[in-house]
Amino acid sequence: MPAHTDRYENAVSRYFEAWNAREPKTRTKAVAAAWSVGGGYSDPLADVVGHEQIAGVIAAAHEQFPGFAFRLTGVVDGHHDTARFSWELVSEVDGSAPVAGSDVITLAGDGRIRSVLGFLDRVPDGV
């Protein structure tokens, strides 16, 4: 069981590295490390495929919420090639977390993400 748990936690760790990468070159590398080629990301605001489009969604989030970082809340839960977890988008200035969500990821054989289904649990007005 620990090997599977590590697989899910490692995938989620790489996922957050990608989402928290602010520099374009760092983000490009982090997305490639987290997602398989042809991997996808879908939430109520975006539905994209491929590293370039995923990096674009992440860049847009940083533009909309400068000075914020994504962090895991709770534990990663998984079975087979699927894991779920919750997160918050937290201000580095005051610790507020105006956005929160839950994601379900499907992993490829190499442990990278094949797909993400994201759900927004808390969003500020106007988003």
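A quick note: this is a predicted structure, and the numbers were derived from the prediction, not measured. All residue numbers refer to positions in the sequence shown, counting from 1. All values below come from the heavy atoms of this structure, side chains included, with hydrogens, waters and symmetry mates left out.
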Practice task
May I ask whether L120 and V48 are part of the same hydrophobic cluster, defined by side-chain heavy atoms of I, L, V, M, F, W, Y residues being less than 4.5 angstrom apart, directly or through others?
Solution key: yes
Problem - Value rounded to 0.5 Å, distance of CG in D103 from CZ in F16 - result: 7.0 Å
Fill in the blank from the handout: Between E92 and A69 the two heavy atoms that sit nearest each other are OE2-CB, 3.5 Å
Practice task
Have a look at L107 and tell me which of R112, H80, R7, R114 forms a side chain to side chain contact (heavy atoms under 4.5 Å, CB included) with it.
Solution key: R7
Practice task
Starting at CG of D77, measure out to OG of S86 and round the result to the nearest 0.5 Å.
Solution key: 10.0 Å
Problem - Distance, nearest 0.5 Å, that separates NE2 of H62 from CG of N20 - result: 6.0 Å
Handout entry: hydrophobic_cluster_shared for V49 and L45, side chain cutoff 4.5 Å
Key = no
Exercise for the section: For E52, look at atom CD and say whether over 12 heavy atoms of other residues, nucleotides or ligands are found less than 6.0 Å away. Expected result: no
Handout entry: Nearest-0.5 Å distance, NE2 of residue H79 to CZ of residue R84
Key = 8.0 Å
Exercise for the section: Determine whether V99 and L72 fall in the same hydrophobic cluster, where Ile, Leu, Val, Met, Phe, Trp and Tyr are linked whenever their side-chain heavy atoms lie under 4.5 Å apart. Expected result: yes
Exercise for the section: Measure the CD1-OH distance between I113 and Y41 for me, rounded to the nearest 0.5 Å. Expected result: 10.5 Å
Fill in the blank from the handout: All heavy atoms of A18 vs all of A30, minimum pair found to be CA-CB, 3.5 Å
Practice task
Measure from the side-chain N and O atoms of T28 to the backbone N and O of P24, and report whether any donor-acceptor pair falls under 3.5 Å.
Solution key: yes
Practice task
Please tell me if the side chains of V116 and W35 come closer than 4.5 Å, counting only heavy atoms from C-beta onward.
Solution key: yes
Fill in the blank from the handout: Taking every heavy atom of Y8 against every heavy atom of G78, the minimum-distance pair comes out as CE1-C, 3.4 Å
Exercise for the section: Identify the two heavy atoms, one from I58 and one from A21, that lie closest to each other, and give their separation to 0.1 Å. Expected result: CG2-O, 4.4 Å
Problem - Approximate separation, where rounding is to 0.5 Å, of S42 OG and D47 CG - result: 4.0 Å
Problem - S91 (side chain) donor-acceptor with V93 (main chain) under 3.5 angstrom - result: yes
Exercise for the section: Using ring pair (Phe, Tyr, Trp, His ring centres under 6.0 Å) as the criterion, point out the one residue from W19, F68, Y15, F70 that pairs with W87. Expected result: F70
Practice task
Is it possible for you to say whether L89 and V104 belong to one hydrophobic cluster, with membership spreading through side-chain heavy-atom contacts below 4.5 Å?
Solution key: no
Practice task
Is it possible for you to say whether V123 and F85 belong to one hydrophobic cluster, with membership spreading through side-chain heavy-atom contacts below 4.5 Å?
Solution key: yes
Exercise for the section: Would you check if the side chain of D121 reaches a backbone N or O of S102 as a donor-acceptor pair within less than 3.5 Å? Expected result: yes
Exercise for the section: Locate the shortest heavy-atom distance separating A11 from I105; write the atom from each residue and the value. Expected result: CB-CD1, 4.1 Å
Handout entry: Minimum heavy-atom distance between V90 and A97, given as atom pair plus value
Key = CG2-CB, 4.1 Å
